[in-house]
Amino acid sequence: MDYDFKAIEKKWQKRWEEKKIFEVKESKKKKFYILEMFPYPSASGLHMGHAFNYVVGDRYARFKRMNGFNVLYPMGYDSLGLPAENAAIKAGIHPREYTEKSIENFIRQQKELGLSYDWSRIIKTSTPDYYKWDQWIFLKMYEKGLAYRKKAPVNWCPKCNTVLANEQVHNGKCWRHEDTKIETRYLEQWFFRITDYAEELNDKIGDLKNWTEDVKAMQKNWIGKSYGTEIYFEINGKKWPIFTTRPDTIFGVTFMVISAQHPELMDLVTKKQKKEVERFLKKIKSTSKKDMEELEKEGVFTGAYAINPVNKEKIPVWVGNFVIADYGSGMVMAVPAHDQRDFEFAEKYKLPVKIVIEPINYDIYERKGQIPRAYSGEGNLVNSGKFSGVNNEKAKKEITKYLSKRKLGKKAVQYKLRDWLVSRQRYWGTPIPMVYCDKCGIVPVPEKDLPVKLPEKVKFGKGNPLETVKDFVNVKCPNCGRKAKRETDTMDTFVNSSWYFLRYCDPKNKKKIFDKEKVKYWMPIDQYIGGKEHACMHLIYFRFYTKFLRDLGLLDFDEPALNLFNQGMLHGEDGYVMSKSRGNVVLPEEVSAKYGIDTARLFLVSMASPDKDIDWSDKGIQGSLRFIKKIIDYFSRVKIDKADVRTESKLNKVILEITEYLNNFKYNLAVIKLRELFEVLPEKTSKEVLGDFLKLLSPFCPHIAEELWEKLGCKNFLSLEKWPKADKKKIKKIFEKQEQAIDKLISDINHIFKLVSGKNKIYVYILPNEKELYDIGLLNKKFGKQINIFTVNDKSKYDPSNMSKKVKPGRPAIYLE
RNA sequence: GCGGGGGUGUCGGAGUGGUCAAACGAGCAGGACUUAAGAUCCUGUAGCUUAGUGCUUGCGCAGGUUCGAAUCCUGUCCCCCGCACCA
């Protein structure tokens with residue numbers, strides 16, 4: 001039989017939409033907020049990989065909805081950003097046109113997937129209605145001192161023609177251009193002081209109960225909290241705080257190294273050394289970030305000396321290419337004997353090495369034939385004044401205490417996390433609502449003047465197009481009314497996605513960023529779904545924003561999402577990530593036309609647990625198609641009758657199992673249970689049994705389930721029906737045992753048939769107390785051949801070979817003739 | 001270097017102390033139906049043995065704990081992912 005999947009899909013998608021059955025309002029019902037990371041709309045549209053992501057969420061939404069929750073399941077578009085601008089330039093159209101078209105296409109495709117979004121809440125970050133609130137938040141950040149402008153060495157992507165945040169530099173390359181090395185430039189830029197929240201961002205990772213270990217670990221790593229000691233070294237009469245995790249090695253300091261990017265570097269350099277230092281800096285600037293990492297440690301003497309606070313030793317200060325300017329104070333104390341990096345530097349420049357920790361088992365420096373290396377293990381201190389002889393772990397505490405007492409240092413915590421560089425020198429982003437006035441300096445645009453709209457008419461060429469739009473740039477200073485210039489940088493696209501989940505709760509609010517009460521009802525997100533590639537980008541930013549908005553008094557919770565599910569990646573048939581350039585992209589339209597979208601939806605979760613990467617397989621989907629066809633065929637012939645207890649037992653057991661599996665995203669196992677249940681459905685059964693089966697099917701194959709539900713004579717939408725509740729009393733163990741016993745028996749009989757040929761009559765002998773187990777009705781149904789069963793005590797039994805003697809508990813005897 | 005995850009049949013993958021290792025799917029082989037193909041259905045798919053219900057091998061490798069281990073512990077090898085000169 002052929003099936004018109006397309007017609008069924010269209011029919012139900014239309015009905016769902018017309019009746020607005022997935023639209024929700026705040027109510028007394030218990031809410032459940034399910035959210036997938038919203039997509040960046042591109043002209044190439046969705047492929048099956050995206051579909052996989054949404055299907056994972058949709059299944060969960062449908063399941064929760066049927067379980068009586070008021071489910072908020074919205075969709076929107078992260079539609080500002082560089083790719084749209086670049087693509088638009090390439091195609092010669094305006095980014096807005098490009099974006100609108102892409103979104104339209106996305107919506108159409110998503111609707112064809114049968115996703116149960118509340119489309120009335122759609123948001124697009126490229127609309128002034130949305131980005132107005134990005135600007136509003138920016139102003140609030142500025143007001144609280146969290147948004148600031150600073151000149152600093154920044155990451156510059158020559159392909160994007162803009163600066164990037166640290167989070168957007170991967171392996172020294174641009175996150176959008178894997179082949180493009182990031183350059184370091186020294187520019188004045190806007191930053192968000194995310195480091196103010198470093199401690200909370202780190203410490204509350206423990207609250208993120210249902211986040212995967214690796215995402216949590218990645219965030220911990222990225223935030224990089226480390227405990228140590230700040231020690232004050234004196235240079236030219238000025239106190240320089242130095243952060244170290246090894247205060248126990250303070251007596252081993254033989255030189256200092258200041259970062260080549262340190263803003264105060266030149267203050268230290270003596271006249272004599274100036275030329276040499278400048279030559280060195282020039283050399284560093286000409287190398288890209290990635291090359292620098294591969295470079296050997298290099299440096300030159302600055303001419304300055306520092307005083308070691310514990311022994312007043314005079315130590316030379318060098319400038320080096322391996323010291324990071326904005327970690328700690330941008331200068332390190334170097335202990336070559338006990339730090340490999342310092343050791344290499346000392347070797348190269350013939351700087352002294354002073355051992356201050358005696359290795360426990362041997363003196364590594366005296367071993368012959370061994371390549372000298374710094375010793376970073378444990379041991380007792382030597383050459384360390386009054387601390388000599390103390391175990392180094394103990395010495396860390398004692399020396400820190402000693403320094404604190406004398407105000408020469410203190411306990412300190414450092415983070416790797418840097419402030420978030422948010423300005424971008426590009427057009428298609430949220431304009432930064434700031435004005436530069438010669439008299440007043442930096443002046444924020446007043447709230448009432450928001451949004452600062454992106455001008456539509458711009459010329460794309462070299463540099464930031466906004467700079468060339470005179471109407472936009474030239475403004476009056478909001479403060480003094482004189483001529484002033486508008487900030488032409490726009491915000492990082494990640495700003496837009498840092499709070500969108502809040503806007504869904506109240507997407508059309510014109511007066512406020514959102515209504516507090518509405519957000520209170522819906523938030524936090526009960527289930528967030530998205531890829532783990534955002535671990536150190538979006539997933540940190542949205543936590544930061546949540547905390548900031550909480551501190552503004554707008555939210556009363558700390559974390560935006562306590563449950564995060566990372567779906568795996570869908571690969572092409574060749575095993576590689578689906579991408580246009582590889583040519584292994586599978587399109588939902590094509591799959592839908594060939595197999596029906598429900599088939600694809602089912603297949604995507606049949607292969608493996610959805611958190612794993614999977615490969616698309618045209619052959620594999622046939623298995624799902626077969627199953628769906630069987631279901632449709634079955635429903636076209638099944639007769640309504642009373643349900644038998646065996647079926648009911650299985651049904652209730654499966655309800656229990658599937659419910660559990662769906663709750664835990666074990667969709668693959670749920671599908672198996674669904675198949676198991678289907679296998680035992682008899683030719684005659686009750687409407688209730690059939691209805692329950694369709695309910696269990698509906699999160700996977702919503703269109704077909706609705707269609708069959710209607711054919712069954714039910715009037716309401718299956719999508720809004722109540723999820724079946726298992727009646728444990730109806731689950732009878734005996735049926736399962738029967739199944740097992742009979743399967744075994746049949747397998748044994750078949751085995752013998754294979755060994756001996758020419759037999760066609762079957763006699764089976766069983767123990768009287770196992771009569772129940774070998775239910776003759778079930779046996780005949782399963783086997784399809786005539787079987788004669790005798791109990792061993794049956795006097796009239798036919799048993800020419802006296803087989804009944806061999807019967808043991810659980811092992812019937814078999815005789816073939 | 002630091003951190004996270006993982007090694008199970010021909011393949012994708014279930015199973016995390018026992019009562020069944022390999023559910024379910026895919027592939028392959030044989031059979032039924034059919035003029036044929038497809039679809040569908042049945043059977044098989046580590047080895048040996050056998051009128052079945054038996055034995056052996058087996059969950060990266062090597063040990064250990066246990067009455068009992070794919071599952072727990074120790075060591076070891078390999079793979080994937082993230083970060084990386086963070087002092």
Calculate the interatomic distance between [X] atom [atom1] and [N] atom [atom2]; express it in whole Å.
X: K220(A); N: rC81(B); atom1: NZ; atom2: C1'; result: 19 Å
X: W211(A); N: rG4(B); atom1: CH2; atom2: C1'; result: 15 Å
X: I762(A); N: rA51(B); atom1: CD1; atom2: C1'; result: 13 Å
X: L604(A); N: rC24(B); atom1: CG; atom2: P; result: 22 Å

Task: Pair D203(A) + K225(A), salt bridge at N-O below 4.0 Å - done: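 Yes, this pair counts.
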
TODO: Look at K673(A) together with E676(A) and state whether they make a salt bridge at an N to O cut-off of under 4.0 Å.
DONE: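 Yes, K673(A) and E676(A) are salt-bridged.
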
When you check the phosphate oxygens OP1 and OP2 of [N], does a side-chain N or O of [X] lie under 4.0 Å from one of them?
X: R675(A); N: rA23(B); answer: no
X: K612(A); N: rA14(B); answer: yes
X: S609(A); N: rG13(B); answer: no
X: R626(A); N: rU40(B); answer: yes
X: K630(A); N: rC41(B); answer: yes
X: Y327(A); N: rA87(B); answer: yes

When the [atom1] atoms of [M] and [N] are compared, how many Å lie between them, rounded to an integer?
N: rC78(B); M: rU45(B); atom1: C1'; value: 29 Å
N: rA14(B); M: rC83(B); atom1: P; value: 26 Å
N: rU53(B); M: rG38(B); atom1: P; value: 36 Å
N: rU66(B); M: rC72(B); atom1: C1'; value: 10 Å

TODO: Quick one: classify the glycosidic conformation of rG9(B) as syn or anti, with syn meaning within 90° of 0.
DONE: syn

Task: Under 3.5 Å donor-acceptor, Y595(A) side chain and D598(A) backbone - done: no

Open item on the list: Under 3.5 Å for both donor-acceptor distances, Watson-Crick or wobble: does rC67(B) have a partner, and if so which one?
Closed with: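 Looking at the geometry, rC67(B) pairs with rG18(B).
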
Task: Complementary nucleotide for rG44(B) - Watson-Crick or wobble, under 3.5 Å - done: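 Paired with rG44(B), as far as the under-3.5 Å criterion goes, is rC28(B).
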
Task: Test side chain to side chain donor-acceptor pair (under 3.5 Å) applied to E679(A) - qualifying residues, sequence neighbours left out - done: none

- [ ] Check the surroundings of atom NZ in K410(A): do more than 12 heavy atoms from other residues, nucleotides or ligands lie under 6.0 Å from it?
- [x] no

Open item on the list: Can you tell me which nucleotide in rC85(B), rG82(B), rC83(B) comes closest to the side chain of M218(A)?
Closed with: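 Nearest to the side chain of M218(A) among the choices is rG82(B).
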
